[in-house]
Amino acid sequence: MAGTIQSLILTPPSIVTSPFPCRKTCCLFSRSLRINPPRRSISTLIISCKPSDEIHGSDLANGLNWTKTLMNFASNNFLPLALTSGVAFGLVNPTLGCLADKCNLSKFSTFGIFVVSGLTLRSDAIGAAVKAWPVGLFGLCSILFFTPYFSRIILLIPLQPQEFVTGLAIFSCMPTTLSSAVALTQLAGGNSALALAMTVLSNLLGILIIPFSISKFIAVGVGVYVPTAQLLKSLVLTLLVPLILGKVLRESSRGLANFVDHNRKLFSKINAVFLSLVPWMQVSRSRSLLMMVKPAAFIVAIGMGMLLHLGLLAFNALAIRSLSAISGGHKSIFSKKENAQAALLVASQKTLPVMVAVVQQLGSAFGESGLLVLPCVAAHLIQIVLDSFLANFWLRKELSSNTAKVA
């Protein structure tokens, strides 16, 4: 009897000619269950009554959902993934990265970064920021003159290797990020035109000011002489010229400008790929030294990068609040939420591409370039993550207040 039941369950009768074989098979199964119902066969009976196409279809749908989720995650986090992948590849297999470095691929990637940055810079919104010029002037002074003083505090920290400390000190002398601060300002509902104007001007002026800032704040503290005039010439050729070239190409062709504006995500990913090539090559070249670094030292360097950004946020927030109180309180242009948000985000972020270009031009004056850049990659990612939380908090607060007003 048991053998008969098993044969009925596993192999349906071949003589069935009904157009609904599943129904008839289920009836035969139910008769078998009345004879001797084994518990372990119930789930098998239910599954076998389902059409196989339905099962495979649901599996395929689940697989497509997982693929879509992963693709969306990769698209939304392309820059951090590209940077961390470049560092990881350099640590795992440095041979290809060392070969690319010998072929001077880093110069090509730096040139590409700033050509793309020039292509994506929109100047039409700069005129809209003229009304908030006092806030923009404070932002430029904070980025180029005030926040570099944080480098002196960083250099006081005793940490080995010394390149970690020096790299973060150089990072604090950089201008603001080329795109993330503007994007986060727009997300939070801030004055994106003001954020864009501060970004453009700080990066253009920063190329001229950075050599003097490094000589004053970093070289004196480390005891290294920096040829300021030579560094200025190198930065103009490697940063300013491609930036202007990209901007000229954008302004000379309306069709190109429209294409770039409609494919900004694509160009941001291209820029991320160019940027990830630099730490990949530098980490590959410095792998032997990096493997000698204690993990605790790198964790401390990451913590320093986080504290640096929190310190910049606190300094700029206090300065904006003080200027607001001095210049008229609630009627002050500094007290307008949109302007304050733009100034706080833009003035508190530091750009990684310019820092990488500066380290390349300095050679080994401050130590191994891979050790100088690695903590700054972490600091760059940390500032974007922290500010994204801040922008999201502002956005949620604004939505809740609007909901309360409607109610």
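Count residues from 1 along the sequence.
The aromatic rings of F108 and F274 sit perpendicular to each other, their planes meeting at more than 60°, with 30° as the lower class boundary.
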CA sep, side-chain torsions, deciding dist, call: V358, M174, side-chain contact (heavy atoms from CB on, under 4.5 Å): CA-CA 9 Å; V358 170; M174 295 298 108; 4.3 Å; yes
Criterion side-chain hydrogen bond (donor to acceptor under 3.5 Å, both in side chains) on Q349 and T177, from CA distance to verdict: CA-CA 6 Å; Q349 290 193 6; T177 51; 2.7 Å; yes
Residue pair K350, C173: steps toward the side-chain contact (heavy atoms from CB on, under 4.5 Å) verdict: CA-CA 8 Å; K350 297 294 180 179; C173 297; over 6 Å; no
Derivation of the side-chain contact (heavy atoms from CB on, under 4.5 Å) call for V356 and L352: CA-CA 6 Å; V356 168; L352 182 63; 4.1 Å; yes
Working for side-chain contact (heavy atoms from CB on, under 4.5 Å), residues L168 and F150: CA-CA 10 Å; L168 287 172; F150 279 75; over 6 Å; no
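In this structure K265 satisfies the side chain to side chain donor-acceptor pair (under 3.5 Å) test with no other residue, sequence neighbours excluded. With sequence neighbours excluded, the residues that form a side chain to side chain contact (heavy atoms under 4.5 Å, CB included) with S332 are S324, S327, F334, S335.
The heavy-atom pair separating L344 from I320 by the smallest distance is N-CD1, 3.8 Å. Across every non-hydrogen atom of M355 and C376, the tightest pair is CE-SG, 3.4 Å. Considering all non-hydrogen atoms of both residues, F259 and N263 come closest at O-ND2, 2.7 Å. Across I333 and N339, no two heavy atoms sit closer than the pair O-ND2, 3.2 Å. Between T176 and A181, the shortest heavy-atom contact is OG1-CB, 4.2 Å. When all heavy atoms are compared, the tightest approach of I143 to P175 is CG2-CA, 3.6 Å.
Within 6.0 Å of CZ on F89 lie no more than 12 heavy atoms contributed by other residues, nucleotides or ligands. A 6.0 Å sphere centred on NZ of K336 holds no more than 12 heavy atoms belonging to other residues, nucleotides or ligands.
Counting heavy atoms from C-beta outward, H309 and D387 have side chains that approach closer than 4.5 Å. In this structure, P148 and K216 have side chains that are not in contact, with every pair of non-hydrogen atoms separated by 4.5 Å or more. Taking the side chain as every heavy atom from C-beta outward, L245 and F111 approach each other to under 4.5 Å. By the 4.5 Å heavy-atom criterion applied to side chains, L374 and F298 are counted as neighbours. Counting only heavy atoms from C-beta outward, the side chains of I154 and F171 never approach each other to under 4.5 Å. Contact of the K247 side chain with the L243 side chain is not registered, since no non-hydrogen atoms from C-beta on lie closer than 4.5 Å.
The backbone N or O of T351 lies less than 3.5 Å from no partner atom in the side chain of H380, so there is not a single donor-acceptor pair. Under the 3.5 Å distance criterion, the side-chain polar atoms of N191 are left unmatched by any main-chain donor or acceptor of A342. Put simply, the side chain of S348 never gets that close to the backbone of L345: no donor and acceptor are under 3.5 Å apart. Put simply, the side chain of S252 gets close to the backbone of V248: a donor and an acceptor are under 3.5 Å apart.
A distance of 6.0 Å separates CG in L159 from CE in M304, rounded to the nearest 0.5 Å. S142 contributes atom OG, which lies 3.5 Å from atom CG of N316 (distance to the nearest 0.5 angstrom). With rounding to the nearest 0.5 angstrom, the NZ atom of K397 is 5.0 Å from the CZ atom of F393. Rounding to the nearest 0.5 angstrom, the gap separating the CD1 atom in I170 from the CD atom in E163 is 10.0 Å. Atom CD in E251 sits 10.0 Å away from atom CG in L256 (nearest 0.5 Å). The CZ atom of F164 sits 8.5 Å away from atom CD1 of I302, with the distance rounded to the nearest 0.5 Å.
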